[in-house]
Amino acid sequence: MRYNPKKIEAKWQKKWLAEKIYEPDLTSQRKNSRQDQTVKLRKPFYNLMMFPYPSAEGLHIGGMRTFTGVDIYGRIKRMQGHDVFEPIGLDAFGIHSENYALKTGRHPMKQAVILKKNFYRQLAAMGNGFAWDERLETNDPDYYRWTQWIFVQMFRHGLAYRKKQAVNWCPSCKTVLADEQVITGRCERCDSEVMKKELEQWFFRTTKYAERLLNNLEKIDWSERVKIAQRNWIGKSDGAIIRFPLTEIPSQPDGKHFVDVFTTRPDTLFGATFLVISPELAKFWMDIGWRVGDDVRDYVKTTLAERAIQARDAEPKKTGVFSGIYGINPANQEKIPVWIADYVLAGYGTGAIMAVPAHDERDFEFAKKYNLPIKIVVCPHYPEKTCPILDEAYTGEGHLVGSSVFDGMTSIAARATIVKHVGGKITIQYRLRDWLISRQRYWGPPIPMIYCEACARNKKGERNDTPGWYTVPEKNLPVKLPFIKNFRPTGTDRSPLASVASFYKVRCPGCKKEARRETDVSDTFLDSAWYFLRYPNVKNKKAAWDAAITKKILPVDSYIGGAEHSVLHLMYARFLTMALHDIGVLNFSAKGGSASGGEEPFPKFRAHGLITKDGAKMSKSKGNVVSPDEYIKAYGADAVRMYLAFLAPFEQDGDFRDTGIRGMTRFLERVWRMMQNFSSRHPEGAKRLKDPAKLRDASPTAQHDIQQVLHRTIKKVTEDIEHLHYNTAISALMVLLNSFEKHPEEVAQEYGGVFLKLLAPFAPHVAEELWQQMNAHTNAKLKMPNDKKKHSAFSIQYSAFRSVHREPWPKYNPRLIMEQTFELVVQVNGKVRGRVSVSRGISEADVVATARALESVKPYLAALPKKTIFVPDKLVNFVV
RNA sequence: GCCCGGGUGGUGGAACUGGCAUACACGAGGGACUUAAAAUCCCUUGCUCGUAAGGGCUUGUGGGUUCAAAUCCCACCCCGGGCACCA
């Protein structure tokens with residue numbers, strides 16, 4: 001019998017499915033009405049990969065590498081005795097799928113069915129240990145019913161609200177976008193330049209959680225680069241708000257005679273030589289009656305207009321205009337001009353700043369351009385008070401100068417002191433903005449809200465802060481996305497659903513008069529921000545999740561995904577979990593002593609590397625996307641899995657070359673041949689199996705050597721998998737096979753069995769096939785589940801089926817690993833001059849004597865060494 | 001500009017807390033088997049000087065610390081990624 005991947009892979013995939021060997025028991029039961037529900041799971045292990053979206057091109061080879069990497073990890077955990085839960089599903093809603101539908105003209109609902117089928121086919125072909133019974137798709141009403149339910153909870157608890165503001169607008173996708181979905185000024189999905197548009201939209205209050213999102217990062221075990229990305233995104237700044245009285249405000253009606261600025265450097269207050277307000281703030285002042293000259297009016301108008309169109313420049317130009325008014329520096333009562341400039345942003349701090357050109361790069365540049373005074377107040381060379389004329393801003397720390405009574409104080413100490421002196425307020429600012437949830441698109445879950453004009457006029461509504469707005473009653477959920485022919489985005493600020501009267505016409509839940517349904521859908525990232533909560537509960541029709549199951553299985557034990565989601569999905573999921581926890585609808589205790597505190601969904605996260613092709617990122621436009629299909633067809637899933645695991649450390653990028661797959665097939669064929677020795681179907685193997693005892697006595701030394709390699713391999717493979725170093729784990733298996741082949745007569749059957757177990761996570765099909773061959777005489781006779789009529793009978797018979805993937809993971813014996821001897825390295829002046837095998841624990845004196853006697857060393861040791869360095873059980877170095 | 005990650009043979013990569021650089025593969029060359037090819041098996045394979053024995057050099061570059069540096073420190077170059085007028 002030859003190694004035939006196609007045949008055995010199909011066979012075992014079918015068998016595993018029929019036997020449900022990858023399905024943990026998620027049923028919960030209540031013994032009597034008073035008791036809490038209990039769950040049967042013993043040692044649950046939630047092994048999760050980031051939610052895939054079913055792209056039109058299908059799964060590509062990089063995706064397969066990720067899934068394989070996650071699966072390898074899950075398989076060792078299963079063999080180590082855990083009830084591994086490794087679910088799979090599709091993030092099927094969203095602009096990506098919808099845009100593809102627009103291109104092909106096929107309706108997204110029909111397309112989803114096709115893509116789903118293709119994606120699941122590809123995923124199944126990899127032979128992963130997925131819990132297929134728990135799969136889910138976000139476009140399934142059974143799923144988005146609960147996405148909508150979550151929105152309702154968020155609204156009721158004040159975490160979802162409406163507000164009008166300048167938001168990101170993608171002109172190509174014709175919808176608004178959250179800040180996180182604008183990647184350096186471009187749309188995360190289609191790469192078009194994003195514009196600003198003033199619109200009223202739904203937001204989630206992520207900013208309320210800024211501090212917790214930041215602090216919890218200390219407690220969770222994540223790839224450091226992802227933590228850093230989140231920290232930067234949250235962007236915490238410690239500073240102060242300082243009030244500057246304004247002079248000469250001719251006719252401001254609300255008596256606003258001051259402007260507040262936010263600064264992180266209150267210590268430089270004496271160096272403030274002008275104030276700058278954002279054009280937006282200027283506009284607001286003008287709207288409430290501030291009279292300005294034509295130049296100012298024109299500047300504000302054109303700047304605001306430009307901001308709406310132009311997204312960003314690589315090197316933004318700073319422009320500005322003097323407003324005509326002055327402010328008073330509260331520290332020294334100096335009168336300083338107020339400028340309006342485009343380098344001050346409306347959405348951060350107070351929308352106004354104090355400019356300290358000597359100690360801020362942007363202020364410096366602006367002051368140079370408009371010839372404004374630059375006053376040094378922090379000196380790094382104190383007490384030599386003469387600071388040179390600056391040709392760039394000095395932003396570091398130092399001692400204060402030119403700051404009246406504070407001179408000589410360190411800039412750090414001066415911060416709080418000066419704030420106190422001028423009556424400022426210590427404040428923390430975050431860069432993080434609230435999450436814009438609305439999308440003016442078709443392919444998503446409709447936001448479950450109703451707007452009543454009449455109630456709005458009477459200032460009525462479900463919440464006081466949002467008159468006119470009501471949630472859809474829970475019993476009416478889901479608000480089903482209707483099948484409409486024209487799903488094309490409108491390009492107005494409304495979704496295509498806004499023209500479907502049968503959809504939006506509805507009764508007001510408050511006054512029962514005619515009202516209008518919200519026609520925007522929610523962001524796809526909301527779908528994927530909670531899917532991990534639904535997986536163990538997909539069969540639950542009554543609730544989004546079951547308390548008992550959730551408590552038992554969450555949080556996710558191992559989460560693996562792309563670093564590109566550092567501030568997207570990973571931030572949203574953390575936020576939503578915290579919010580649901582606070583609302584009181586979600587509760588999972590810290591399972592297994594993890595640091596989640598019941599509010600961190602992913603206590604352990606690792607970012608995988610990307611697969612490139614000839615050094616370039618794979619992309620549809622470059623036409624270099626590699627599909628796993630043809631490779632699986634040609635070489636089998638096992639060889640492809642092994643190749644992908646071998647080509648680079650899992651957390652590192654790797655370049656795809658198909659020549660390497662052949663090498664893996666070669667390896668598996670060698671394994672196959674070796675293991676035929678233990679197959680009762682093979683004449684050679686049958687002979688050996690008859691008399692295993694004879695073999696054990698063959699050669700004690702060789703036996704010991706092989707055993708040593710075997711136990712070292714167990715140790716290495718176990719540890720390497722734990723660290724996701726699959727490449728070195730596989731190389732260890734290769735070393736082991738090499739030594740098996742060198743002394744085939746010394747390889748006992750149990751060694752072959754251990755080898756197969758170690759191989760099982762990487763090449764599950766071959767390992768299973770060979771394992772069953774090896775144990776065919778002890779296992780019940782196998783019958784394949786081809787015969788449908790006998791299926792039920794077969795299930796009973798198969799309780800005897802013992803998959804290698806359910807076998808206990810081998811343990812190594814530390815005694816067997818220990819070497820009796822080691823190779824002593826002899827160096828002279830740090831250069832290796834000789835090696836000699838000596839016994840462990842040898843004394844320094846013995847080592848020196850042995851080393852000096854070596855022929856290869858003698859010529860270098862004519863004189864007595866000046867110094868001898870001895871590292872026990874390692875080396876000796878003579879310095880001459 | 002700032003912040004991460006990285007730079008090791010022809011290629012992918014290995015090397016625990018400083019202690020044998022180049023494990024394991026791929027590719028290449030040579031050989032065995034074969035009428036032949038494929039497959040398989042065996043040998044060689046960092047660079048360099050030398051007929052050889054043997055020597056010298058080598059982890060992006062330049063310096064430093066050390067008996068000893070891919071590993072630690074300083075400066076710089078290159079590649080990949082993220083952030084970017086956030087006061």
Side-chain angles (χ1 to χ4, degrees), chain A residues 183-185 223-229 231-233 235-237 239 261-265 268 276 278 312-318 341-345 347-356 359-363 365-366 395 429-433 563-564 566-567 607 609-610 612 615-617 642-643 646-649 651-664 666-667 669-670 673 719 725 727-738 741 823-835 856 865-871 873-880:
Chain A
I183 312 291
T184 55
S223 303
E224 198 52 35
R225 56 178 166 150
V226 173
K227 281 192 187 182
I228 289 167
R231 267 186 217 115
N232 291 343
W233 189 259
K236 181 179 179 174
S237 293
V261 305
F262 175 72
T263 178
T264 55
R265 294 293 301 268
T268 64
V276 190
S278 61
R312 49 174 283 111
D313 277 333
E315 199 56 55
K317 277 182 205 134
K318 290 179 180 53
D342 56 1
Y343 80 97
V344 173
L345 305 172
Y348 185 79
T350 59
I353 62 156
M354 64 177 207
V356 185
H359 306 293
D360 181 279
E361 281 160 28
R362 295 146 304 181
D363 298 342
E365 196 190 318
F366 192 79
T395 57
Q429 283 288 328
Y430 299 94
R431 221 191 64 128
L432 184 74
R433 308 289 156 85
E564 71 274 16
S566 301
V567 293
L610 297 174
T612 55
K617 229 182 193 171
M642 295 228 13
Y643 169 67
F646 186 65
L647 102 168
E651 294 181 71
Q652 232 176 69
D653 295 350
D655 201 54
F656 184 84
R657 303 263 160 80
D658 37 0
T659 50
I661 303 178
R662 268 295 306 149
M664 280 304 160
R666 250 190 315 252
F667 172 73
E669 278 169 348
R670 279 164 60 206
R673 241 172 290 137
E719 290 170 358
H725 293 167
N727 56 333
T728 47
I730 290 174
S731 97
L733 285 172
M734 288 170 166
V735 172
L736 180 59
L737 182 67
N738 287 346
E741 284 178 338
E823 196 160 43
L824 176 78
V825 173
V826 183
Q827 296 183 332
V828 179
N829 288 339
K831 278 195 165 47
V832 179
R833 294 300 178 184
R835 286 170 199 153
S856 57
K866 278 185 250 166
K867 201 171 171 187
T868 304
I869 285 104
F870 171 67
V871 184
D873 291 351
K874 240 170 208 158
L875 63 67
V876 62
N877 187 11
F878 298 108
V879 186
V880 293

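Reckoned from all heavy atoms, side chains included, excluding hydrogens, waters and symmetry mates. Every chain is numbered from 1 and lettered A, B, ... according to where its sequence line falls, protein lines coming before strand lines. Values in this document were obtained by computation on a predicted structure and should not be read as measured data.
Within a 6.0 Å sphere centred on CD of Glu741(A), heavy atoms belonging to other residues, nucleotides or ligands number more than 12.
Among the heavy atoms of the strands lying under 4.0 Å from Val879(A) are primed sugar atoms or P, OP1, OP2 only; no base atom is included. Looking at heavy-atom distances under 4.0 Å, Arg231(A) makes no contact with the nucleic acid at all. Backbone-only engagement by Lys831(A) is indicated by non-hydrogen atom pairs under 4.0 Å involving sugar-phosphate atoms exclusively.
Put simply, the side chain of Asp360(A) does not reach to within 4.5 Å of the side chain of Phe366(A), judged on heavy atoms. Put simply, the side chain of Thr350(A) does not reach to within 4.5 Å of the side chain of Gln429(A), judged on heavy atoms.
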Heavy-atom protein contacts under 4.0 Å, nucleotides 24-32 of chain B, coded B base, S sugar-phosphate only, - none
BSSS-----

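For U66(B), there is no paired base (Watson-Crick or G-U wobble, both distances below 3.5 Å). As the counterpart of C26(B), G10(B) is assigned, both hydrogen-bonding distances of the Watson-Crick or G-U wobble pattern falling under 3.5 Å. C83(B) and G1(B) make up a base pair, with Watson-Crick or G-U wobble contacts both under 3.5 Å.
If you measure from atom CD of Gln652(A) to atom C1' of A15(B), you get 14 Å, rounded to the nearest angstrom. Remark: P of C67(B) and NZ of Lys867(A) are 5 Å apart, rounded to the nearest angstrom. Between Asp655(A) atom CG and G12(B) atom C1' the separation is 9 Å, expressed in whole Å. Atom CD in Glu564(A) sits about 12 Å away from atom C1' in G82(B), given to the nearest Å.
Across all non-hydrogen atoms, the minimal contact from Val276(A) to Ala355(A) is CG2-CB, 4.2 Å.
Looking at Lys318(A), its side chain comes within 3.5 Å of the base of C85(B) through a donor and an acceptor atom.
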All N/O pairs under 3.5 Å across the protein-nucleotides 42-46 of chain B interface:
none

Pairwise N/O distances under 3.5 Å, protein to nucleotides 9-11 of chain B:
{"from": "U11(B)", "atom 1": "O2'", "to": "Arg657(A)", "atom 2": "NH1", "distance (Å)": "2.8"}

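When distances run from any side-chain atom of Leu647(A) to the nucleotides G56(B), G12(B), C20(B), the shortest one goes to G12(B). Picking from C57(B), C83(B), A14(B) the nucleotide with the shortest atom distance to the side chain of Pro649(A) gives A14(B). With distances taken from any side-chain atom of Arg673(A) to the nucleotides A14(B), C20(B), U40(B), the minimum falls on U40(B). Distances from the side chain of Ile183(A) to the nucleotides C67(B), C83(B), C57(B) place C83(B) closest.
Comparing Arg835(A) and Asn829(A) by the nucleotide of RNA chain B whose heavy atom lies nearest to each, the residue mapping closer to the 5' end is Arg835(A). Comparing Arg225(A) and Val344(A), the nucleotide of RNA chain B nearest to each residue sits closer to the 5' end for Arg225(A).
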